[in-house]
Structures are given as C-alpha cells and as structure tokens.
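A short write-up of the structure that comes next.
Atoms within a ligand are numbered from 1 in the order they appear, just like the ligands themselves. Throughout, residue positions are numbered sequentially from 1 according to the sequence presented.
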Amino acid sequence: MLTELSNGQRSVGLGGWPDRDGIVTLDAAVMLDDARAGSVAGVRGVVHPVRLARWVMERTPHAMLVGEGAQRFAREQGMAVHEPPLDDEQRARWEAWKKEGRYAPVVNVENHDTISMIALDAAGTMAVASTTSGLAFKMHGRVGDSPVIGSGLYADRGVGGAVCTGLGEAVLRTVGAHAIVEMMRMGRSPQEACEALVHRMIERVPGSHDYQVGVLAMDHAGRVGAFAVQDGFTYAVADAAGNTMHRSAAALQLDGSIQRAMKVQQRP
Ligand code: GLY
C-alpha cells in the first residue's frame with residue numbers, strides 16, 4: 001500500500017521508506033478498552049499489518065508476535081504475504097541516504113506518518129490502533145512505539161484512550177499513551193493530559209528541537225485532545241457531522257522557541 005501525501009512525501013506501509021538495509025518492515029497494534037490487545041513488529045510483506053495485529057488479539061493466546069513468526073502466522077491464517085522489490089523511488093531515496101548514512105529524521109516529514117486512531121462506538125466501546133513502517137532508514141530490527149501497548153497506544157474503559165505518532169524512541173522513553181490515560185484517570189481533560197505528556201517528554205528526552213511527536217486522546221464522552229512537540233501536526237476528527245481536519249497546538253514553534261504560555265502546570 002502506498003500513500004502519497006500532499007507534500008509529495010510517502011506515508012507508511014509497504015510503499016514507505018525502507019530501513020538502512022533496504023528492507024521495509026511494518027509494526028502495528030490494536031487495543032480495546034477491556035484490555036484485549038494484539039500487535040506485530042518487524043513483519044514483512046503484509047499489506048495490512050493492523051489486521052494481522054487484530055488476528056493476534058483474536059486468534060492467539062499472545063499479545064505480540066514479531067518478525068518471521070508474525071509473517072508465518074499471517075500465512076497460516078490465509079493472509080497474502082508478498083514482499084515486492086523496492087520501487088524506483090524507494091531505491092533512489094535509499095541509495096541517496098546511504099551516501100551519507102546520517103540518521104537524522106526530518107521533523108514533520110520522516111518521523112510522524114504513523115497512522116494512529118481512536119474509535120468510540122455508540123455503545124461506548126473504545127478501540128485504539130496504530131500502523132507504521134517506522135522511521136525511514138532505521139536500523140534493521142529497530143522497533144518503535146507503535147506496536148508497544150502502553151507506548152504508542154492505550155485504552156481503558158471508563159477513562160479513555162490515547163495514541164502517539166512521531167519519534168518512537170521519545171514515546172517509548174516516556175510510555176506516552178499510558179501516561180496520558182493515567183493523567184486522564186486522575187482528572188485531567190484529554191487536552192490537558194496531552195499537553196502534560198508532551199512537556200514531560202521535552203524535559204526528559206533531550207533534543208526536542210530535532211524531533212516531532214504528536215499525541216491524541218479521547219475520553220468516553222468523546223472529548224478530544226491533541227498536542228505536539230513541534231508545530232505542524234495535523235489530525236482528523238470524524239463524527240456524525242462529518243470529517244474535519246485540525247492543526248494541533250504545539251510546545252515548540254518550528255524555529256524551536258517554546259510556547260511557554262501553553263504549558264500546563266504540572267500537578268504535584
Ligand atoms: N512512531 C513510529 C515509529 O517511531 O516507528
């Protein structure tokens with residue numbers, strides 16, 4: 001699957017940018033608010049890794065399968081597995097990257113195209129999901145936050161859910177989605193919880209001027225929160241009224257200056 005973005009960049013999936021060995025590997029996860037969860041990491045050659053993650057949840061006693069084992073499970077379950085060779089553009093970008101071999105994902109271009117979703121049905125059941133090919137030119141074997149329950153996504157009945165996109169290492173190091181849900185449990189709104197997590201990340205994970213993380217949260221009343229490290233994070237809301245696009249507020253402007261006025265006071 002190839003998604004071409006309006007800025008000419010590619011989004012995630014088999015047509016996304018490969019790792020530094022020229023291999024596209026995919027991560028995905030799904031979680032329901034009753035704590036059922038499934039995920040796959042480092043899987044190759046499947047078009048819909050998030051469906052495979054759902055099958056891990058529904059058809060195995062496990063919560064996570066990785067690499068060759070995840071691919072074998074896909075085959076056993078009748079999912080088509082086919083690894084297409086890199087197309088001309090993927091190969092050209094990879095060859096160009098190898099000339100310098102410098103790992104420095106470009107903010108808002110190479111590091112926040114993970115597709116992460118929160119869904120709430122009419123009966124009040126919440127589900128969260130993430131799917132990604134991970135960061136462009138990552139080390140082979142690198143796994144980001146997206147398939148890690150609690151980091152890239154989390155949902156808890158009666159509280160709400162949260163999902164993350166962006167530099168997975170920053171999210172893993174702050175256990176982003178679970179932290180947001182726990183802050184909501186303690187009384188913060190989805191917006192306040194998103195802002196608090198991003199400010200905590202900036203304090204704890206150095207180099208925030210050079211990375212992007214965007215976070216979304218929703219409670220069971222349908223209230224939405226969104227915040228990002230850097231300006232430029234957009235997200236969609238779909239409800240009975242239709243689909244709308246929104247630009248999230250952010251802690252840092254693209255020139256790196258902190259929007260201090262937006263900082264949420266940390267509670268003791
Ligand atoms: N958030 C996607 C990744 O870091 O792989």
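For Arg142, the salt bridge (Lys or Arg N to Asp or Glu O under 4.0 Å) partners two or more places apart in sequence, or in a different chain, are Glu169. Arg20 pairs by the side chain to side chain donor-acceptor pair (under 3.5 Å) definition with nothing, not counting sequence neighbours.
Within the 4.0 Å heavy-atom shell around ligand 1 one does not find Lys138.
Ion pairing of Glu95 with Lys99 is absent here, as no side-chain N (NZ or NE/NH1/NH2) approaches a carboxylate O to less than 4.0 Å. Ion pair Glu203/Arg200 not flagged as a salt bridge, since none of the NZ, NE, NH1 or NH2 atoms sits closer than 4.0 Å to an Asp/Glu carboxylate oxygen.
More than 12 heavy atoms of other residues, nucleotides or ligands sit less than 6.0 Å from atom CG of Asp121. Within a 6.0 Å radius of CZ in Arg204, no more than 12 heavy atoms belonging to other residues, nucleotides or ligands are found.
Between Thr165 and ligand 1, a contact under 3.5 Å exists for no N or O pair. The distance criterion of under 3.5 Å between nitrogen or oxygen atoms is met by Gly166 with respect to ligand 1. Remark: ligand 1 and Gly168 share an N or O pair separated by less than 3.5 Å (distance only, no angle test).
Taking a cut-off of under 4.0 Å to the non-hydrogen atoms of Gly134, the atoms of ligand 1 that pass are 5 (O). Against a heavy-atom cut-off of under 4.0 Å, Thr114 is close to the following atoms of ligand 1: 1 (N), 2 (C). The Asp145 neighbourhood of ligand 1 comprises atoms 1 (N), 2 (C), 3 (C), 4 (O), with distances under 4.0 Å to a heavy atom of that residue. Taking every heavy atom of Ser146 and a limit of under 4.0 angstrom, the matching atoms of ligand 1 come to 1 (N), 2 (C).
Annotation: side chain of Val163 is not in contact with side chain of Met117 (no heavy-atom distance under 4.5 Å).
Contact annotation for Gln212 and ligand 1: no heavy atom of the residue comes within less than 4.0 Å of the ligand.
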